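No experiment lies behind these values; they were computed from the predicted model shown. In what follows, chains carry the letters A, B, and so on, assigned in the order in which the sequence lines appear, proteins first and then strands, with residues in each chain numbered from 1.
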Amino acid sequence: MIQIIVFLPLLAAIVAGLANRSIGNVPAKVLTTGALFVSCALSWPIFLAFMSGNESAYVQPVMTWVRSGGFDFDWALRVDTLTAVMLVVITSVSALVHLYSWGYMDEDPDQPRFFAYLSLFTFAMLMLVTADNLVQMFFGWEGVGLASYLLIGFWFRKPSASAAAIKAFVVNRVGDLGFMLGIFGVFLVFGTVSIPEILVAAPDQAGSSIGFLGLRVDTMSLLCILLFIGAMGKSAQLGLHTWLPDAMEGPTPVSALIHAATMVTAGVFMVCRLSPLFETSQFALNFVTIVGATTAIFAATIGLVQTDIKRVIAYSTCSQLGYMFFAAGVGAYGAAMFHLFTHAFFKALLFLGAGSVIHAMHHEQDMRFYGGLRKQIPVTFWGMMAGTLAITGVGIVGLGGFAGFYSKDAIIEVAFAADAPYAGYAWFMGVSAALLTSFYSWRLMFLTFWGKPRWADSEHIQHAIHGHHNDVDHATHAHEEAAADNPPAQEDAGSAPHAHAADAEQLPDGTGGYHPHESPLSMLIPLIVLSVGAVFAGFVFHNFFVEPETAGAFWQGSLAFNEPLMHAMHEVPTWVKWSSTAAMLLGLLVAALMYLRETDAPRQVAENLSPLYKFLLNKWYFDELYTLIFVRPAFWFGRIFWKGGDKGVIDRFGPDGVANVVRSSSGLAVRFQSGYLYSYALVMLLGLVGLVTWVMVR
Amino acid sequence: MDYGQSLLITLPEIILSIGGLVLLLVAAWSGAKATRAVSISAVALLVAAGVATLCYTGDAFGALYSGDQFSDFGHVLIYIAAAISLMIAPRFFQRAGLARAEYPILILYACVGMGMMVSATDFLTLYIGLELNSLAAYVLASFLRTDERSAEAGLKYFVLGALASGILLFGMSLVYGFTGSTSFVAVLGSLGGGMETGALFGIVFVLAGLAFKISAVPFHMWTPDVYEGAPTPVTAFFASAPKVAATALTVRVAVDAFGTQTLAWQQIIIFIALASIILGGVAAIGQTNLKRLLAYSSINNIGFLLIGLAAGTQEGISAVLVYLSIYVAMTLGSFACIMQLRGPDGEPREELSDIAGLSQTNKGLALAMAIFMFSLAGIPPLFGFWGKVVVFDAAIGAGLLPLAVIGIAASVIGAFYYIKIVKLMYFDESRTVLQTGDGKALAWIGAIMALLVSPLGYFSIPLLGGFANNAASALF
Amino acid sequence: MIQTFAFYLFATIVLLSGAFTIFAKNPVHSVLWLILAFFNAAGLMVLAGAEFIAMLLVIVYVGAVAVLFLFVVMMLDIDFAELRAGFARYLFFGIVLAVFLAIELVLGLEAFRAGAIKLGTATSAPVDAAVPNLEAIGALLYTKYVFLFEAAGLILLVAMIGAIVLTHRKRSGTRPQNVAKQVRRRPQDAVRNLTPEIGQGVDL
């Protein structure tokens, strides 16, 4: 059964990918989507069996992989509670995204390729979560990286998409290097890459030290931090986060599947999977906590000022991943997984909703050109609303609420309750980030769905109107996006750009004569299904994931479940419990004030706090900093090695030199071949005399 | 000496000789009309001779002639190559207006000579076989007597061949003088008890004379001119059957006659092999004529063959035979492809530029040609790769690691022009009007050879390797 | 003693006349030098006791081959000056090469020392002095070496075929002999017996 779940998407990807256009769009789509729905249908029973406690962890061997002395492991699919959780998340979201893509990618000329990539990604992700050893996990890890690269660069004719794909790949390599070193280190220390064996052996190694870069360092801290660097890359944590916003160049379904629900959570999954290992090093846990908490607040601040609807959600994802990490860092792995689980639903929902909006708005992604869409696309609106309620954690303490209310509040509370060194910092950052989350999420909602239409000034909409409303090729349209991308405006998103004010007056309703249409059914069904998840996932599953009495039995030791900590979580003072709700309400109020009532306020704030605003708008200048510190020197070194080393030395004396020698000696040989008999005879005799001389003097 | 037995063992030569005489009478009687019938009969005679080869084994006429498994292998390969050379020829000569019945007859007598070469266990047999083959070859090279280039090719071949014969004879007389016998067995025994410098010189001269026949550097100078000038079917013949015979002969002399003084000739062979590989690769780069190019290709391939001989072990000899078989298929196939290139008036085209853009005009031909080129370059998964593998494997097995390394590195040079042909065919625009395809025989032979050197050829490894091993074991 | 003297005489003349064959400016002179070389070689053969081969050299090489050469050389219209141009160009280099090879051979064979060269011992049966040369050769050629003898015959056959193939062409307008017709012709077909009257024997 587990084999079918894992390999069916691969099969579909191979068939659809190799046959490509020769089998046509519909068969490829039916095949891949069908395969995913089958996988999904098979995954839920496994999850339910673990929920009911009828199933226990097992390993399904597939085939021998490597037998080389002590380096010895197999392809094997590990199924336990943690895997089961990931299975349902991956297959459900993936199946829905496949379905959604029927509508979203309808006009694209390369649909089989797109669906093949999606299925390939799903396979790699499943391989990652079912891994029984680190090498197999690494295989899946790289597989999802590859699929991510391919999908971000899916519209490869668009230069910005190609650049984003490369950036994602390169930044991930940095993390992967850490992961690889971690695996090497684990093998060095434990002599095995099998995850269960490592976890059993880990406590014995606590306190030992190892030589690294000429220093003596604590073994477990080193290994955990190296592994965590890998997780940071994949999960876009502070420092290695720069690729995630750029990855929004890919089609929106991709953003929903890969860059919100599944791949970016691989880091969290990995930390949870290896939680007994991390438990042996308080230093590593502190590191995880600090990175997670800082990312949570950092990404949220940037999200405040972004105007691209997808980028807002992308920074939101980054921030939420920070939550998961600091939850893991303070020891509440169950809470981290719970947030991962609920986040997958509501963030996928938000992305797919955003995709639906973009679809309706003719590929306009700038929220400044939205407004008043509530009436035009009601289903999308209600779906987005559910997602926003979930992410901001709306709910009443003691009664219940949306998904985020259970998972995010659990993390904030557990951070308060934990006595880990940096838990207090994490708690403070968590509450602050909750405030910001609420603000930017509602800002997105208000700008998009409330207010007056501001569509008239959008080049995309203009294009659509003047392009006779009909069939401008979906894909080409998307490709033009790069050219039409609006430069970051100096004023805040809330106010309509001045330059266009005159235009807006000509058409008082601001619609420019354009009427958005609701998306087709294939896009709405996933929205509805995910809305249900966003609303109820927290309420239904929180008992299993975080409640101290029941969660221990649920996890069955597949992660380090800290029951006393979970008890302590419930014992926190009431004001703590209310703190996040308060932060949420505050954010909502400010957003409502600024974007519904005083619509000029954002611009004023931006002008008054201009340095801060610019700092945030430019994403804390991370890209610029990296360009300065890493990219430029790397290019410089590259140029030196390329021109001086490769071309000047290796090529000159290597291939080019040899080629020149060959060419000139060829000329010589041809010249010798004069066509005159006596020169031929001479060469023969010379050869003969040469040979005789050689045997004589030898 | 049992004459009856001896005659049975030399039956293939007798069949071909008497058959050739009969066909000669037919040809003399009915002139050019009989060309077709004579050609067909000649092929039939080759088949009969091939069967006769396999029927009887043993030594004939004292120690003059040996019908062992090694000679069987050589005979069969030579007859196959000769038969193919006969089959691809008729249309070419018809178009040149010189379809003559003497062509198959000369090929038959060349085969008699080659048969004697591969079976020779005495220097006298060696020399007579060699001369019989050579004399027929000189005539064949200038067979298109109306073509100046053909006449020039024949003359050059003849004069240089005479020089080479002189060197060979001188070497043989030295060997005879210092060992007291012309028989390989006696020479082997005599050399086993120590060697005078005179005998060493004899070995060098003999190897030099044989190197001329296999066109190994530095005795290769005739090859490009003769290959270019000779009629294309004759070039195909030169590149295949006589190469087999001369290589087999060299192997037999080196092992059977000089086997007790391996160190004396090993370094010479190594030098000749490397020089052939490198020069064959380097000089080919500057060529513009396809036949000339294939001439250098054959020089290059001889180098690889000699690496197997340099190993001097049974695996080495076995590898030589495997490589030879594959080489024959590749080279005959290449020529069958080249012969299908014709200009608007049906005249043969053989310039490198003529082949440009072939993939657009004739896909099948271009594909076959590409297969042969990749195979000659030794690129896996084509069968030519296997030949190189076994040869280098044998060299490494014999401890000649540096030789193998240099050989492999130098094979890259050769790959350049093979792949250049493929590039011309597939990526360049056609500049000349070209007719392609010339009858079913050429197409079939091209296709069959392409199939043999395609990855399917690997299925023949057990069979081919088994035969080659048996044949090689006959020498040790 | 006389034999030794004769050997050195013949050998020296063979070598010298061989050299002159190569260096002579006039090709007719070359052929004449060659004939001298053949004669002296025949003399060497006589000294070695191979009378048959000696006679063969004189009759075949001098009597047939060399004379044929002379005819060919004299009949062909060849610009010898042009041929010699390349000769002069390579002369120096050729001589150096030849001398080098010669020195190597002398050194290698240790021919500079006094005494016999260490040759191998012949494995063939010793020659019976009582059997005449011709008979001994014949016996060998038609028994032990019959295979090679016949093969040598094939070489001549191939040479003949080659010569015909390369030179024979059908000429139109010629009136070749019809041997069969000639042989078939009887006297009664061709001859009339007449007794003509005087003065009427010729039809004018």
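What you find for Ala101(B) and Thr35(B) is that their closest heavy atoms are N-OG1, 3.6 Å. The minimum heavy-atom distance linking Pro104(B) with Leu86(B) is given by the pair CA-CD2, 3.5 Å. When all heavy atoms of Val26(B) and Ala34(B) are compared, the pair lying nearest together is CG1-CB, 4.1 Å.
Applying the side chain to side chain donor-acceptor pair (under 3.5 Å) test to Asp59(B) and every residue at least two apart in sequence or in another chain returns Ser66(B). Shown here are the side chain to side chain donor-acceptor pair (under 3.5 Å) partners of Gln261(B), two or more places apart in sequence or in another chain: there are none.
Between Phe184(B) and Phe258(B), every side-chain heavy-atom pair lies at or beyond the 4.5 Å cut-off. Using a 4.5 Å cut-off on side-chain heavy atoms (C-beta onward), Ser119(B) and Thr125(B) make no contact. Under the 4.5 Å side-chain criterion, counting only non-hydrogen atoms from C-beta, Leu45(B) is in contact with Leu23(B). The side-chain heavy atoms of Ile203(B) and Met195(B), taken from C-beta on, include a pair separated by under 4.5 Å. Put simply, the side chain of Pro242(B) does not reach to within 4.5 Å of the side chain of Lys213(B), judged on heavy atoms.
Heavy atoms of other residues, nucleotides or ligands lying less than 6.0 angstrom from CZ of Phe93(B) number more than 12. For Met75(C), the CE atom counts as loosely surrounded, since its 6.0 Å shell holds 12 or fewer non-hydrogen atoms of other residues, nucleotides or ligands. For CD of Gln3(C), the number of neighbouring non-hydrogen atoms (other residues, nucleotides, ligands) closer than 6.0 Å is 12 at most.
Of the atoms belonging to Ser183(B), not a single heavy atom falls under 4.5 Å from chain C. For chain C, no part of Leu7(B) is nearby; none of its heavy atoms comes within less than 4.5 Å. Contact of Phe201(B) with chain C is made through the side chain alone, with heavy-atom distances under 4.5 Å. Proximity to chain C (any heavy atom under 4.5 Å) is restricted, for Tyr65(B), to the side chain, taken from C-beta onward. Interface remark: Leu174(B) contributes side-chain atoms only to the contact with chain C (heavy atom separation under 4.5 Å). Only the side chain of Leu24(B) comes within contact range of chain C, judged by heavy atoms closer than 4.5 Å. With a 4.5 Å cut-off on non-hydrogen atoms, Ile161(C) touches chain B through its side chain but not through its backbone. Interface residue Leu132(B): backbone and side-chain heavy atoms are both found under 4.5 Å from chain C. Contact annotation for Leu106(B): only side-chain heavy atoms (C-beta onward) come within less than 4.5 Å of a heavy atom of chain C.
With values rounded to the nearest 0.5 angstrom, Ser17(C) atom OG is found 11.5 Å from Leu32(C) atom CG.
Among the residues in residues 141-168 of chain B, those with a non-hydrogen atom closer than 4.5 angstrom to a non-hydrogen atom of chain C are Ser142(B), Phe143(B), Arg145(B). When the heavy atoms of residues 99-107 of chain C are compared with those of chain B, the residues falling under 4.5 Å are Leu101(C), Glu104(C), Leu105(C), listed by number.
Counting heavy-atom pairs closer than 4.5 Å to chain C, the top-ranked of the candidates Leu135(B), Ile105(B), Leu140(B) is Leu135(B).
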